[in-house]
Visitor: 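Would you mind keeping the following structure in view while I ask a few things?
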Amino acid sequence: MRQVKTLGLLGTGVIGGGWAARALHFGIDVVAADVKGEMEAWIRGAVENAEGALSRLTFAPLPPKGKLSFTTDLNLMAGSVDFIQENIPEQLELKQRILAQVSRHAPRDVLIASSTSGLMPSDLQRDLQHPERLLVGHPFNPVYLLPLVELVGGKTTSADALEAAARFYRYIGMHPLKVRREVPGHLTDRLQEALWREILHMVNDGVATTGELDESIIYGPGLRWAGMGTNLIYHLAGGETGMRHMLRQFGPCLKWPWTKLEAPELTEELIDRMVEGTQEQAAGRSIRELERLRDDYLVAIQQVLRQFNLGAGATLRALEERLYEEGAANARPALEAAAVGASTPAVLRLVETQVRPEWVDYNGHMTDSRYLQVFGDATDALLRYAGVDDVYRRSGRALYTVETHVTHQAEARALEPLYVASRVLEVDAKRVRLFHALHRRRDDVQVATAEQLYLHVNSTAGKAAPMDPEVQARLAALQAAQAPLPLPREAGRLARGAH
Ligand SMILES: NC(=O)c1ccc[n+]([C@@H]2O[C@H](COP(=O)([O-])OP(=O)(O)OC[C@H]3O[C@@H](n4cnc5c(N)ncnc54)[C@H](O)[C@@H]3O)[C@@H](O)[C@H]2O)c1
């Protein structure tokens, strides 16, 4: 299966728009195809709308954004992309026909995934050319923020196709959940439907309003679910003996039973109750307003879960680790050349970035804290090259910042492309002194500098300790290679660092 550089979207409504935003954000080009030409403006708007929350999800260094193009020619799209994600309306015959059509124009090694909420992949692959490359990749709205994607293979789907699709989805920050066997509704929608059906019954029977039923989730189970799901949480509900005790205690209720197996008839009266109830809950707020609120808290929740390396937070952490690793890998050739003295002593360009719109303060300039973040990314790239990576940190050793001196010299406005040039000024067994200069790419003007002193510590003991000799040697080689360069005039201002 080929590496995915360009994603093709078949159908660019709510879900197609979500896929586009996510893929573009992580550096994948997108060719969006829809039968309706007017969807071009719609998808461009949807991508722009998603960008606000998406750009706050992680501050790890990102590759340049992908490029979006649009066509009404489905076959043209199929012939020019590396992976096709289908998001047309949920009608089996329509999907079968269109999927078969595009499969005749997509090269054999191009995977085709369907976003279907409940159709079975074996039915979708019926008329396909090379049906082994079709699978279900079922996402959740908003696709650009929720990492879950259910992966389901049909009768003829190859294991390679599922593996390659999982790799691609992981690359764009998702959590592929492989469904062992195709069943209508996959896993999540089956669970959601059970809850939804009970809601309809209770509203229909006048037991509760839509608002009260939402409260019954928001203030309780909803909070638990995000980190642990239903089963692990029930395991905790059983006390010391866990799930076994829980089942003994509550198992008999399953015979009563509390719930119903079929949804109630969708009468006009029930529909009215559902609509009036949710309108009351919206309290005059537009769908757009509510979407923004939802997106903001979805970002915040994932950032909290990241601290616990739990659920969607663990996915975010893994994504960031890759982004930092890739940022460092881009800087590596320059570092290697400098360390062996292959080039004339050079200041190293370690980070290429641009001022993201949300980094800007009320003056329209990049805000103070973002300077530290960008300098931190340069330090990260340099230290990873020296060998201080995740494995090193997990061994209980790390470099702590003990002092920073920042100067601000010119303005950087939103979307301004920037780069960081770095030097190792000094290194011994326990300390490293670095100097970073942030430049505008368009005219090389120096925007800011940072001189930073790092102390090597044994993080378990909480004490300064010598670094790994190999790490020190790599840093020392860089320092020696750069030593002939004149000392920057902003350097040497640290209270503790300057010898
Ligand atoms: N909305 C959700 O919450 C959600 C969540 C997960 C999965 N899905 C699944 O994603 C798919 C799309 O759902 P949606 O909510 O984005 O629908 P939507 O109605 O918003 O978008 C469908 C798009 O497909 C286009 N289209 C129709 N026929 C086409 C054709 N022959 N070729 C190309 N484009 C065509 C339409 O013009 C429209 O832009 C469905 O299979 C749905 O089950 C939806």
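Both counts, for ligands and for their atoms, begin at 1 and track the order of listing.
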Visitor: Taking C-beta and beyond as the side chain, do Arg133 and Gln125 meet within less than 4.5 Å on heavy atoms?
Guide: no
Visitor: Please identify which atoms of ligand 1 are closer than 4.0 Å to at least one heavy atom of Leu74.
Guide: 32 (N), 33 (C)
Visitor: How far does CD of Gln354 sit from CH2 of Trp359, to the nearest 0.5 angstrom?
Guide: 8.5 Å
Visitor: For Thr116, counting its heavy atoms only, list the atoms of ligand 1 lying under 4.0 Å from any of them.
Guide: 41 (O)
Visitor: Considering only heavy atoms from C-beta outward, does the side chain of Asp82 approach that of Gln3 to under 4.5 Å?
Guide: no
Visitor: May I ask you to check whether Ser117 has an N/O atom sitting below 3.5 Å from an N/O atom of ligand 1?
Guide: yes
Visitor: Below 4.0 Å, non-hydrogen atoms only: which portion of Leu119 touches ligand 1? Side chain, backbone, both or neither.
Guide: neither
Visitor: Please confirm whether Ile15 comes within less than 3.5 Å of ligand 1 when only nitrogen or oxygen atoms on both sides are compared.
Guide: yes
Visitor: Of all the non-hydrogen atoms in the protein, which one sits nearest to atom 31 (N) of ligand 1, and at what distance?
Guide: Ile98 CD1, 3.4 Å
Visitor: Do the rings of Tyr169 and Phe83 sit parallel, tilted or perpendicular, given the 30° and 60° boundaries?
Guide: perpendicular
Visitor: Once rounded to the nearest 0.5 Å, what's the spacing between atom CZ of Arg322 and atom CD of Glu326?
Guide: 4.5 Å
Visitor: Tell me which protein heavy atom sits closest to atom 12 (C) of ligand 1, plus the residue, atom name and distance to 0.1 Å.
Guide: Asn87 O, 3.3 Å
Visitor: If you have a sec, work out which protein heavy atom is nearest atom 34 (N) of ligand 1 and how many Å separate them, to one decimal?
Guide: Ile88 CG2, 3.4 Å
Visitor: Is atom 21 (O) of ligand 1 close to the protein, meaning a heavy atom under 4.0 Å from it?
Guide: yes
Visitor: Taking distance alone, with no angle check, do Lys95 and ligand 1 share an N/O pair under 3.5 Å?
Guide: yes
Visitor: May I ask you to identify the nearest protein heavy atom to atom 9 (C) of ligand 1, giving residue, atom name and distance to one decimal place in Å?
Guide: Ser115 O, 3.3 Å
Visitor: First locate atom CD of Gln373, then atom CZ of Phe59, and finally report the distance between them rounded to the nearest 0.5 Å.
Guide: 6.0 Å
Visitor: With atoms numbered from 1 as shown, which atoms in ligand 1 lie under 4.0 angstrom from a non-hydrogen atom of Met39?
Guide: 39 (O)
Visitor: What about Leu10: any of its N or O atoms under 3.5 Å from an N or O on ligand 1?
Guide: no
Visitor: Within the structure, does at least one protein heavy atom fall under 4.0 Å of atom 17 (O) of ligand 1?
Guide: no
Visitor: Considering only heavy atoms of His138, which atoms of ligand 1 have at least one such atom less than 4.0 Å away?
Guide: 6 (C), 7 (C)
Visitor: Students should be able to answer this: which protein heavy-atom is nearest to atom 3 (O) of ligand 1, and at what distance?
Guide: Asn141 CB, 3.7 Å
Visitor: CD1/Ile301 to CG/Leu316 distance, rounded to the nearest 0.5 angstrom?
Guide: 13.0 Å
Visitor: Less than 4.5 Å apart, any side-chain heavy atom of Met174 and any of Val143?
Guide: yes
Visitor: From the options Gly11, Ala46, Pro139, Gly17, select the one whose nearest heavy atom is closest to atom 6 (C) of ligand 1.
Guide: Pro139
Visitor: Out of Pro89, Gly13, Ser114, indicate the one that has the non-hydrogen atom closest to atom 24 (O) of ligand 1.
Guide: Pro89
Visitor: Step by step, work out the salt bridge (charged side-chain N to carboxylate O under 4.0 Å, His left out) result for Lys178 and Glu163.
Guide: CA-CA 10 Å; Lys178 281 192 190 157; Glu163 210 30 68; 2.6 Å; yes
Visitor: Is the closest basic N to carboxylate O distance between Asp390 and Arg393 below 4.0 Å?
Guide: yes
Visitor: Closer than 4.0 angstrom, basic N to acidic O: yes or no for Arg56 and Asp296?
Guide: yes
Visitor: Looking only at protein heavy atoms, which one is nearest to atom 25 (C) of ligand 1, and what is the separation?
Guide: Asp34 OD2, 3.2 Å
Visitor: Checking a contact table here: which protein heavy atom is nearest atom 30 (C) of ligand 1, and how many Å away?
Guide: Val35 CG1, 3.7 Å
Visitor: Let me see the working for Glu86 and Arg97 under salt bridge (charged side-chain N to carboxylate O under 4.0 Å, His left out), right down to the final yes or no.
Guide: CA-CA 12 Å; Glu86 169 273 308; Arg97 183 161 53 79; over 6 Å; no
